[in-house]
> 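Structure below; questions to follow.
As a basis for the values below, the full set of heavy atoms in this structure was taken, side chains included, without hydrogen atoms, waters or symmetry mates.
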Amino acid sequence: MKRKTVAALLTVVMCASLLAGCGSDSGSTSGNSGEKEASSGSETTTLPEADEDGKIDGLMYAEGLPIVDEGAYEFSIMCDDSSESGEFVMLDIFKEQTNVDIDLRIFPNETATERLNLDLNSGDYADVIGGWILSDSMILTYGVNQGVFIPLEDYFEEYCPNISAILDLPGVREQMTAPDGHIYTIPYACGDTSVGYSPYINGRWLENVGMEMPTTTEEFEEVLQAFKDQDANGNGDATDEIPFSADPNNKHIEAMTGWFGLPMDKNGVGIKDEQVVYAGVSDTYREFLSWFNSLYEKGLIDLELFTQDSSTWEGKGNKDLYGVSIAYGSSEFSGIAQSSEKSEFDVMPVLNTDNGGIWLRDTEGFSVYRTQAVITDNAEHPEIICRWFDNAFALENGIGCNRGPVGVIVNKEDDGYHVIDTSTLSEEDQEKYSWSNLWPQSLPKYLPADFEFVEENPVYDEKAAMEEIYEPNLTKSVVPTFWIDLDKIDTYSDISTAITDYFKQQQAMFVCGELDVDNDSDWQSYVDGLYSLGLEDWLEIRGVETIAE
């Protein structure tokens, strides 16, 4: 099928969580003779019918597997991923199922965005771009304005029963559909936790220094000081402890502003008195920065907090150097594999709850990511790519991407899908079938939100424990998603990039003491800088009416 030409119009969907996968394996469209007309917003695209061999354009089978004959088609995917090997079990399985070859180009998150910008500027970009490197602004710019990212809804309707079933879940299609009526991305929707990133504290270190779990920022500072001074890790060296660090790609240190009463996200937008406000110039944020800078000056914060990459962060954690770190889960940095027992790391609770301390709620339990994978105008046969993702979203393939291949790590029995005890596998197979080596986890995958495995050796659910601890002290609402008006796309794209980059840069300078947050001149210069970059216009476009003082 020839590449669908559709006018450059709008963007993809952004929401709050992760997608899981669709359990619908049935329902393809079989073709007769002739052609069908499919509506794309205000335009009509002609989709060819299958020929007598059941193929579209003599290449793609309209339904069933394989999708193409062996060696007939290859497409490229660029995404960010932390995999060292670049090899993924499920990609090999999908090759066997579909006969489609994949040219996978993965880059560490720290360098992927720069590489993507270079590729987009040169025109030498992949057929599919995916992962956490995409943003609403990029989709507006390269999808709506330039037509580099193409609309996909016609392909979904014609060839993708699993994706269509996901779109028909309550609220998903609405979030995925741009204001111009187009859908520009592969859906990624799933049940999600109320809080993604939070601090985890080493309980063994607490015992070693004879202290209890902190409940206030003052107690927290005392704990960090004890970690620094008292050989908390017990290795005989009282100088190697790093009391506090954070995931380099998801620091979320501004979330700790909630301990001072005004929780905020990484863009400076927060919730106060159940109203959405901009908190990035507030006295509360300044108070937090002043306190956090004092911790940095005392040597209680990782000196590489703003400069290290993921492998460095993980490497230091694996050496038992961290007392506290913000992360999605403690196993991401501790080197302690998940097991049926709680690890030595504990969820650190919201602090200062008796004095207004609160944490920002990330989701209401379900999320739709609308910027996880796009198909570009370099793709010669986007219909094949859509069918390939649709196959990935079939139930047992979703199981494979999330836990491991059916018949190897997961066994289907009368009462459900049983997960084996992977500790019984060889070390080589444990590594091979580890979560990070199943599937590029920055790309969309799918399992129904209510799907449950039968665990033969269930692991301790650290996220459930976190949610139980945090729920009483979360905001009642979340920061809502939003769409940009079509006539403001260019304005928003330029302003958003400038403001978010400036906000992160200034935050690092205040924390590290390159700027003095307690100096009125330095603080006012930072505030003036935000306004000069178009803060008020940026907030107006986002629908945020209040700037917290």
Side-chain angles (χ1 to χ4, degrees), residues 17-25 65-67 75 77-98 100-102 104 106 128-132 134 160-163 165-167 169 172 185-193 328-329 331-332 338 366-369 371-373 385-412 416-420 422 425 429-455 459 463:
S17 199
L18 298 174
L19 235 95
C22 184
S24 172
D25 291 327
L65 294 174
I67 294 176
F75 71 90
I77 301 176
M78 179 202 175
C79 65
D80 57 323
D81 199 276
S82 58
S83 168
E84 295 183 1
S85 68
E87 298 179 0
F88 300 93
V89 171
M90 295 308 297
L91 288 183
D92 293 336
I93 290 175
F94 293 163
K95 161 62 177 173
E96 295 174 5
Q97 293 175 350
T98 68
V100 176
D101 293 296
I102 302 298
L104 183 63
I106 61 173
V128 172
I129 298 169
W132 303 108
L134 291 171
C160 303
N162 293 328
I163 291 178
I166 295 171
L167 292 172
L169 294 172
V172 175
T185 54
I186 309 292
Y188 190 9
C190 64
D192 206 359
T193 59
Y328 188 79
S331 63
E332 294 193 341
Q338 291 179 300
F366 187 81
S367 293
V368 179
Y369 293 99
T371 57
Q372 290 303 120
I385 299 173
C386 288
R387 278 212 64 205
W388 186 87
F389 272 102
D390 193 67
N391 177 65
F393 290 169
L395 178 60
E396 292 196 352
N397 285 336
I399 289 172
C401 292
N402 281 275
R403 292 301 295 272
V406 175
V408 181
I409 303 300
V410 181
N411 295 314
K412 184 178 182 180
Y417 288 89
H418 289 243
V419 182
I420 70 169
T422 55
L425 299 174
D429 280 348
Q430 287 186 51
E431 176 65 21
K432 177 179 179 179
Y433 295 110
S434 66
W435 180 78
S436 62
N437 290 332
L438 296 174
W439 167 255
Q441 296 295 338
S442 66
L443 294 178
K445 56 184 177 179
Y446 184 76
L447 275 179
D450 59 354
F451 183 88
E452 293 184 3
F453 292 100
V454 179
E455 303 278 359
V459 298
K463 296 300 288 186

> Is any side-chain heavy atom of Ile106 closer than 4.5 Å to a side-chain heavy atom of Cys79?
yes

> Could you tell me which non-hydrogen atom of Thr185 sits nearest to which non-hydrogen atom of Thr371, and how far apart they are?
CG2-CA, 4.4 Å

> So does Ile163 get a backbone contact from the side chain of Asp390, meaning a donor-acceptor N/O pair under 3.5 Å?
yes

> Can you measure from CH2 (Trp388) to OG1 (Thr98) and round to the nearest 0.5 angstrom?
7.5 Å

> Kindly indicate whether the side chain of Leu395, heavy atoms from C-beta on, has any atom under 4.5 Å from the side chain of Tyr417.
yes

> Under the criterion side chain to side chain contact (heavy atoms under 4.5 Å, CB included), I'd like the reasoning laid out for Lys432 against Val89: C-alpha separation, chi angles, the key distance, then a yes or no.
CA-CA 8 Å; Lys432 177 179 179 179; Val89 171; 4.0 Å; yes

> For a 4.5 angstrom cut-off between non-hydrogen side-chain atoms, does Trp439 reach Asn397?
no

> Look at the aromatic rings of Phe75 and Phe389 and report parallel, tilted or perpendicular, splitting at 30° and 60°.
tilted

> List the atom of Glu431, the atom of Ser434, and the distance in Å for their closest heavy-atom pair.
O-OG, 2.9 Å

> How far does CD of Glu455 sit from NE2 of His418, to the nearest 0.5 angstrom?
10.5 Å

> Identify the heavy atoms of Leu65 and Gln97 that sit nearest to each other, and give their distance.
CB-O, 3.6 Å

> Let me confirm one number: the CD1-CG distance from Ile129 to Asp80, rounded to the nearest 0.5 Å.
12.0 Å

> If you count the non-hydrogen atoms of other residues, nucleotides and ligands that lie under 6.0 Å from NZ in Lys95, is the total more than 12?
yes

> Look only at the side chain of Gln430 and the backbone of Leu425, and say whether a donor-acceptor pair between them is shorter than 3.5 Å.
yes

> Show your working on side chain to side chain contact (heavy atoms under 4.5 Å, CB included) between Tyr433 and Val408 and close with a plain yes or no.
CA-CA 9 Å; Tyr433 295 110; Val408 181; 3.6 Å; yes

> Any heavy-atom pair between the side chains of Phe393 and Cys160 that's under 4.5 Å?
no

> Could you grab the distance from atom NZ of Lys445 to atom CD1 of Ile399, nearest 0.5 Å is fine?
12.5 Å

> Are there more than 12 heavy atoms of other residues, nucleotides or ligands under 6.0 Å from atom CD of Glu332?
yes

> Which heavy atom of Cys401 sits nearest a heavy atom of Phe94, and at what distance?
SG-CZ, 3.9 Å

> Which heavy-atom pair separates Gly404 from Leu438 by the least distance, and what is that distance?
N-CD1, 3.6 Å

> Do the side chain of Gln338 and the main chain of Ser331 share a donor and acceptor less than 3.5 angstrom apart?
no

> Please report the shortest heavy-atom distance between Pro440 and Leu104, naming the atom on each side.
CG-CD2, 4.3 Å

> Using a 3.5 Å distance criterion without hydrogens, assess whether the side chain of Glu452 forms a donor-acceptor pair with backbone atoms of Asp450.
no

> Kindly indicate whether the side chain of Gln372, heavy atoms from C-beta on, has any atom under 4.5 Å from the side chain of Trp132.
yes

> Under a 4.5 Å cut-off applied to non-hydrogen side-chain atoms, are Ile77 and Ile385 in contact?
no

